[in-house]
Amino acid sequence: MALMNRLIWQIEAHLDEALTLGELADRCGVNVHHMCRAFQQATGLSIMSYIRARRLSAAAREISGGEADILNVALDAGYGSHEAFTRAFVAYLGVRPSDVKKARDLSDLKLMEPLEMDKSMIVDVAAPEMREHAAFRVVGLGTEVRGHNISAVPGLWQSFAAKYVELGATGVTYGVSYDIGGDGNFRYMAGMEWDDVPDGMDTMDVPGGRYAVFTHKGTVGDLPKTIYSIWNKALPDHGIEPAVAPEFERYDERFDAVTGRGEVEIWIPVT
């Protein structure tokens with residue numbers, strides 16, 4: 001069973017319990033970073049924000065029946081008071097619990113339904129090579145990625161490509177994901193190794209260490225599927241625990257930047 005399926009099952013089976021990330025990770029057989037990163041790759045959400053949304057949605061369904069006591073529902077949902085529950089309820093659904101109880105109608109509310117893994121995103125990924133890599137510095141352009149909204153990334157690469165040509169650079173380029181938070185957001189840099197820092201460009205220091213190196217073959221448009229499959233299936237299948245460190249894509253002479261086709265290496269730091 002793929003990691004996302006295991007995780008969603010655990011959340012739904014224990015939704016009325018005081019879940020922690022550590023407990024969920026233990027039940028799924030992975031470390032917390034791996035679990036949070038896989039969930040972010042799949043949904044664009046943090047695990048705890050999903051759990052809160054599921055609990056509030058379940059509470060809304062119970063309240064809409066008109067008979068449930070709101071305080072009891074609040075306590076069951078993990079809130080210590082009517083007031084705290086109401087604040088969270090209004091922040092997520094835009095209405096007060098009392099209004100839902102009175103209306104007995106959920107048709108205008110956007111509830112969080114149980115997520116399902118997108119099986120169309122799972123592709124075959126060859127076993128990784130385990131390699132060591134010395135620390136290095138990437139010079140390039142960065143942006144923040146919120147959740148799984150990667151719409152800013154293609155434009156970032158276009159801007160970087162213009163700088164790359166302007167500087168007369170040749171050789172390997174990198175796409176580095178770093179500052180990965182539990183909220184699902186992270187920083188992404190398109191860059192290269194360069195002796196100085198040109199105006200308007202930033203730097204990112206990638207630490208040395210041991211990596212699981214996967215190879216994506218095909219179009220860059222299918223790269224998200226490979227990355228999704230690495231985190232949700234390949235890493236757990238091979239018993240590999242990722243480390244909390246920057247991960248990167250490596251583009252060398254095997255990749256044609258003009259056609260967007262070829263081979264790309266995905267380097268995942270491991271413990």
### Query
Going through the distances and angles, do I47 and L7 end up as a side chain to side chain contact (heavy atoms under 4.5 Å, CB included)?
CA-CA 9 Å; I47 292 172; L7 178 54; 3.9 Å; yes
Donor-acceptor contacts under 3.5 Å from residues 17-28 side chains, at least two apart:
{"unit_1": "E17", "atom_1": "OE1", "unit_2": "H14", "atom_2": "ND1", "d": "3.3"}
{"unit_1": "E17", "atom_1": "OE2", "unit_2": "H14", "atom_2": "ND1", "d": "3.0"}
{"unit_1": "T20", "atom_1": "OG1", "unit_2": "E23", "atom_2": "N", "d": "3.1"}
{"unit_1": "T20", "atom_1": "OG1", "unit_2": "E23", "atom_2": "OE1", "d": "3.4"}
{"unit_1": "E23", "atom_1": "OE1", "unit_2": "T20", "atom_2": "N", "d": "3.3"}

### Task
Only counting residues at least two apart or in another chain, list the ones meeting side-chain contact (heavy atoms from CB on, under 4.5 Å) with K217.
T215, E263
### Message
Distance to the ring centre below 6.0 angstrom and angle to the axis at most 45 degrees; does that hold for R55 and Y50?
### Response
no
### Message
R61: which residues meet the salt bridge (charged side-chain N to carboxylate O under 4.0 Å, His left out) condition with it, sequence neighbours left out?
### Response
E113
### Query
side chain to side chain donor-acceptor pair (under 3.5 Å) with Y211: which residues, sequence neighbours excluded?
none
Side-chain donor-acceptor distances from residues 164-175 under 3.5 Å, at least two apart:
{"unit_1": "Y164", "atom_1": "OH", "unit_2": "G171", "atom_2": "N", "d": "2.9"}
{"unit_1": "Y164", "atom_1": "OH", "unit_2": "G171", "atom_2": "O", "d": "2.9"}
{"unit_1": "Y174", "atom_1": "OH", "unit_2": "E193", "atom_2": "OE2", "d": "3.0"}

### Query
Aromatic rings Y251 and W157: how do their planes relate, parallel, tilted or perpendicular, breaks at 30° and 60°?
perpendicular
### Task
Could you pull out all residues at least two apart from S64 that satisfy side-chain contact (heavy atoms from CB on, under 4.5 Å)?
V100, L106
### Query
Considering all heavy atoms of both residues, which atom of F160 and which atom of V139 are nearest to each other, and what is their separation?
CE1-O, 4.1 Å
### Task
Assert yes or no for the condition that the ring centre distance of F248 to H133 is strictly below 6.0 Å.
yes
### Task
Measure across R6 and V30 and return the closest heavy-atom pair with its distance rounded to 0.1 Å.
NH2-CG1, 4.2 Å
### Query
With the threshold set at 4.0 Å, does a side-chain nitrogen-carboxylate oxygen contact exist between R137 and D205?
yes
### Task
Grab the two heavy atoms, one from L93 and one from A60, that are nearest each other, plus how far apart they are.
CD1-CB, 3.9 Å
### Query
Just wondering, more than 12 heavy atoms not from D196 lying within 6.0 Å of its CG?
yes
#### Entry: D99: salt bridge (charged side-chain N to carboxylate O under 4.0 Å, His left out) partners, not counting sequence neighbours
R96
## Note on the structure
Sorted by chain and residue number, the side-chain contact (heavy atoms from CB on, under 4.5 Å) partners of E67 (sequence neighbours excluded) come out as R104
### Task
Could you pull out all residues at least two apart from R131 that satisfy salt bridge (charged side-chain N to carboxylate O under 4.0 Å, His left out)?
E129, E265
### Task
With sequence neighbours excluded, tell me which residues meet side-chain contact (heavy atoms from CB on, under 4.5 Å) with D69.
L71, N72
#### Entry: salt bridge (Lys or Arg N to Asp or Glu O under 4.0 Å) contacts in which one or both residues fall within residues 42-53, not counting sequence neighbours
none
### Task
For K233, check salt bridge (charged side-chain N to carboxylate O under 4.0 Å, His left out) against everything at least two apart and list the hits.
D237
#### Entry: Heavy-atom pair of closest approach, residues V73 and A68
CG2-CB, 3.8 Å
### Query
Hey, are the side chains of P242 and W231 touching, using non-hydrogen atoms and a 4.5 Å cut-off?
yes
